[in-house]
Amino acid sequence: MKLSIIGTGYVGLTTGACFAEVGHEVTCVDNNQEKVDMLLAGQIPIYEPGLEEIVKKNVAAGRLKFTTSTADGVRDGEVVFIAVPTPPQADGSVDLSFIEKVAREIAESLKPEYGFKVIVDKSTVPVKTGQKVGETVRRYAPEGVEFSVASNPEFLREGCAVDDLLNPDRIVFGVDNEKAADLMRRIYSPFNAPVLVTDIESAELIKHAANSFLALKISYINAVARVCEKSGADIEKVAEGIGMDERIGRRFLNAGLGYGGSCFPKDVKAFIAISESLGYPFELLKQVEQINDDQRKLFLDRIREKLWVLQEKKIALWGLAFKQNTDDVRESVAIKLANDMLKEGAKVTGWDPQGMETAKRFGNLGEGFTYGDDMYSCLDGAEVLIIGTEWPEFANADLEEIKKRMRNPLVFDGRNLMEPENMAAAGIEYYSIGR
Ligand code: UDX
């Protein structure tokens with residue numbers, strides 16, 4: 001099928017590449033000329049395992065094109081996906097101005113002779129956005145154009161986006177007529193996954209409700225971790241025991257510094273704001289946020305208890321990305337923690353396997369922050385090592401090297417990556433979360 005995707009960020013680019021990979025002909029549109037030029041030259045603007053390979057392969061096969069022209073995208077795609085940012089506003093509600101702008105541009109590019117088109121929202125949007133997109137397109141489109149609006153939320157995780165897209169747990173789309181449903185079914189027929197077809201509002205809500213539930217799971221285990229700390233129980237064992245119940249499951253029960261990234265913080269906030277605007281104050285989700293924010297503050301309290309005063313202290317920080325296998329530093333808890341410590345006058349040196357460049361460009365790290373040359377050099381003379389991101393490299397670190405390089409072998413592990421027994425055996429003073 002011929003598909004177009006407007007917006008070539010994480011979601012748009014990986015979705016476009018994966019659609020091409022399963023045999024569709026895809027036009028990716030982005031208004032950023034520089035980005036389009038990079039992509040045309042085979043350079044990928046983000047780090048995502050496996051993405052570069054399938055982009056190159058499908059560009060070479062002629063199934064994947066990049067352009068800055070929305071008009072070309074609308075002309076070429078039987079189905080046009082919208083995958084532009086929906087950033088949070090100061091009050092937590094969602095900024096829909098990019099969606100509205102793209103809806104207008106699509107409308108102005110539509111022509112009656114193009115025949116029936118489906119305009120699908122893939123960005124995470126508040127419930128009822130589809131309705132608004134439909135009204136907007138109708139208002140700005142010429143007479144006689146034929147289209148439907150649909151919602152098709154994306155559940156990919158950064159770092160395994162390609163795999164999540166090619167082998168999804170489920171595919172959800174919301175439509176309001178059979179013709180659109182048929183086209184959507186055809187798009188996803190090469191994918192081996194259960195399909196749930198709903199009305200547009202339910203599909204929109206599924207995304208916010210799913211992400212908020214996952215965030216709730218993380219805050220729940222972090223709250224349990226606090227009780228573990230106070231009682232001498234071990235959160236890792238508790239999580240294992242809870243997770244063995246199939247109704248609960250072990251995944252997303254990793255206690256730590258809390259969730260970050262471009263999705264969970266924003267989506268929980270948005271879901272609270274949406275519910276509030278519909279007349280339901282979602283108090284449970286407010287607690288989820290509170291627990292998440294406190295997680296970092298409590299960790300810092302424990303570091304302060306050990307070091308007393310942070311001013312002038314040399315601190316090594318492993319991890320800048322918001323999680324492992326990504327270079328994304330948006331809403332990174334590790335970076336927030338670094339900034340908290342810098343404000344108290346600490347000298348923080350950080351290192352990350354993929355996030356160094358993105359941290360330099362977008363991390364907004366405070367004054368006094370320095371970047372290590374490699375994983376071990378940032379330990380030289382440090383009084384404490386803090387692990388802020390769950391990279392496997394850190395779990396497999398050379399403990400002798402840590403001990404040799406640091407001024408005092410003291411480790412605060414914000415992601416429970418190390419085995420406490422191994423740390424004790426290596427003579428390293430070690431603190432983690434909930435055990
Ligand atoms: C998430 C959802 O998983 C995905 O379905 C949705 O489409 C977008 O949002 P992503 O933001 O890429 O994906 O990251 P994810 O792997 O879900 O992790 C989010 C955050 O939660 C990270 O900061 C991670 O460190 C943290 N986390 C995750 C925990 O603290 N504990 C866990 O058990 C799992």
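Each ligand, and each atom within it, is numbered from 1 in the order the structure gives.
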Problem - Residues in salt bridge (Lys or Arg N to Asp or Glu O under 4.0 Å) contact with Asp121, at least two apart in sequence or another chain - result: none

Handout entry: Residues in ring pair (Phe, Tyr, Trp, His ring centres under 6.0 Å) contact with Phe191, at least two apart in sequence or another chain
Key = Tyr188

Handout entry: Residues, nucleotides or ligands: over 12 heavy atoms within 6.0 Å of Lys266 NZ
Key = yes

Practice task
Looking only at non-hydrogen atoms, find the nearest pair between Met418 and Ala395 and report the distance.
Solution key: SD-O, 4.0 Å

Report, one line per pair, each donor and acceptor closer than 3.5 Å where one atom sits in a side chain of residues 237-247; sequence neighbours left out.
| residue | atom | partner | partner atom | Å |
| --- | --- | --- | --- | --- |
| Asp245 | OD1 | Arg247 | N | 2.8 |
| Asp245 | OD1 | Arg247 | NE | 3.2 |
| Asp245 | OD2 | Arg247 | NE | 3.4 |
| Asp245 | OD2 | Arg247 | NH2 | 2.8 |

Practice task
Please list, by chain and number, the protein residues whose heavy atoms come under 4.0 Å of ligand 1.
Solution key: Glu154, Phe155, Leu156, Arg157, Glu158, Lys207, Asn211, Ile218, Phe252, Leu253, Asn254, Gly258, Tyr259, Gly260, Cys263, Phe264, Phe322, Lys323, Glu390, Arg415

Handout entry: Phe412 six-ring centre to Lys306 NZ/CZ under 6.0 Å and within 45° of normal
Key = no

